[in-house]
Amino acid sequence: MPIILIMELKQSDFFNDVFEVVKLIPKGRVTSYGAIAKYLGTARSSRMVGYAMNASHFADQKIPAHRVVNRNGLLTGKHHFATETRMQELLEKEGIIVSNNQIQNFEKHFWDPQTELAL
DNA sequence: TGATTGACTTACG
DNA sequence: TCGTAAGCCAATC
C-alpha cells in the first residue's frame, strides 16, 4: 500500500472516525457496524462502516477489525481477512466463543460506543 | 458523467 | 415470522 493512498484515505473524516471508534473497542468485546454508524450520527450509513473496515487493512494495522461484526453477531467480514479462520481465531484468543460464523453470547460481549463512550 | 456495488440496517407488507 | 425494498455514501467501472 503506497503512502499516497493511505493519505488519501485519511482525507475521509468518516473513515477516520470509524477507525478511532474501532480502536477504542476493549479486548474481548465486540460491536456492530450499525452501532458505530449510529455513534457517528449516521445510523443509515452502516455500509460505509463496513467499507471503512475494508480500508482499515491498508490504513492502520492496529485496527481490530475482527471486533466488528454485523448486528446479529455474524462474522460477515471474515472473507476480508488473510484467511477465513483468522477472524475467528483472533476473537477466540480474546475469550469470545465463535461457532458457525456467529459470536456466542453476542449480547454479553456487545460493546455499544454510544453507551460506553457516553456522548 | 452516470450506473453499479457493497464487511449493513431498518421499515413495511 | 419472513421476504423485499429503500436508504446511506464512497469507490469502482
Side-chain angles (χ1 to χ4, degrees):
Chain A
M1 188 74 169
I3 293 181
I4 290 180
L5 289 182
I6 294 176
M7 293 185 70
E8 286 185 3
L9 283 174
K10 300 267 185 183
Q11 288 182 352
S12 170
D13 289 338
F14 185 84
F15 277 28
N16 236 346
D17 290 342
V18 171
F19 296 156
E20 289 301 314
V21 173
V22 173
K23 280 194 283 191
L24 290 175
I25 302 175
K27 185 180 178 182
R29 307 292 296 280
V30 293
T31 191
S32 71
Y33 304 98
I36 295 174
K38 195 173 179 183
Y39 172 74
L40 295 180
T42 55
R44 288 275 174 85
S45 39
S46 48
R47 302 178 116 189
M48 293 304 96
V49 177
Y51 210 101
M53 290 300 96
N54 189 24
S56 74
H57 285 288
F58 309 102
D60 191 339
Q61 296 179 343
K62 293 194 301 290
I63 297 179
H66 60 280
R67 293 182 189 145
V68 185
V69 296
N70 75 357
R71 76 183 221 84
N72 297 314
L74 217 52
L75 273 57
T76 50
K78 68 172 195 168
H79 307 346
H80 299 271
F81 283 78
T83 66
E84 297 247 333
T85 57
R86 183 66 177 156
M87 189 173 186
Q88 178 172 338
E89 288 171 3
L90 288 171
L91 288 171
E92 289 181 338
K93 195 185 289 184
E94 297 181 357
I96 296 175
I97 308 296
V98 178
S99 145
N100 199 21
N101 291 339
Q102 188 162 9
I103 294 177
Q104 304 301 300
N105 298 320
F106 178 59
E107 294 181 2
K108 260 186 175 178
H109 296 295
F110 185 68
W111 181 85
D112 186 357
Q114 203 163 217
T115 302
E116 304 291 338
L117 300 181
L119 260 193

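Hydrogens, waters and symmetry mates are skipped; everything else that's a heavy atom, side chains included, is used. Each chain gets a letter, A, B and so on, in the order its sequence line appears, and its residues count up from 1. Keep in mind it's a predicted model, so treat the numbers as computed, not measured.
Note on residues 102-113 of chain A: no pairs pass salt bridge (Lys or Arg N to Asp or Glu O under 4.0 Å), not counting sequence neighbours. Judged as a ring pair (Phe, Tyr, Trp, His ring centres under 6.0 Å), the pairs with a partner in residues 90-113 of chain A (not counting sequence neighbours) are, in order, A:F106-A:F110.
Of all heavy-atom pairs between A:F14 and A:M48, the closest is CE2-CB, 3.2 Å.
At a cut-off of 3.5 angstrom, counting only N and O atoms as typed in the model, there is no donor on one side facing an acceptor on the other between the side-chain of A:H66 and the base of B:dA7. The base of B:dA7 is paired with the side chain of A:Y33 by a donor and an acceptor separated by under 3.5 Å.
Across all strands shown, A:N70 has heavy atoms under 4.0 Å from sugar-phosphate atoms exclusively, and none from any base.
Cluster partners of A:I97: none. The rule joins Ile, Leu, Val, Met, Phe, Trp and Tyr whenever side-chain heavy atoms lie under 4.5 Å apart, and it links nothing here.
Of the side-chain N and O atoms in A:S46, none sit less than 4.0 angstrom from OP1 or OP2 of B:dT10. At least one side-chain nitrogen or oxygen of A:R71 sits closer than 4.0 Å to the OP1 or OP2 atom of B:dT10.
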Show the atom names and distances, to 0.1 Å, of all donor-acceptor pairs under 3.5 Å that link a side chain in residues 74-81 of chain A to residues at least two apart or in another chain.
| from | atom 1 | to | atom 2 | distance (Å) |
| --- | --- | --- | --- | --- |
| A:K78 | NZ | A:N101 | OD1 | 2.9 |
| A:H79 | ND1 | A:E84 | OE2 | 3.4 |

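Remark: the separation of the C1' atoms in B:dT4 and C:dA6 is 16 Å, to the nearest Å. The same atom, P, is picked in B:dT5 and in C:dA5; the two are 15 Å apart, to the nearest Å.
When the P atom of C:dA6 is taken as reference, atom CZ of A:R47 falls 13 Å away, rounded to whole Å.
Residues satisfying the salt bridge (charged side-chain N to carboxylate O under 4.0 Å, His left out) test with A:E94, not counting sequence neighbours, are A:R67.
Looking at residues 77-111 of chain A, you'll see A:G77, A:H80, A:F81 sit with a heavy atom under 4.0 Å from some atom of DNA chain B.
The side chain of A:S32 sits closest to B:dT9 out of B:dG6, B:dA7, B:dT9.
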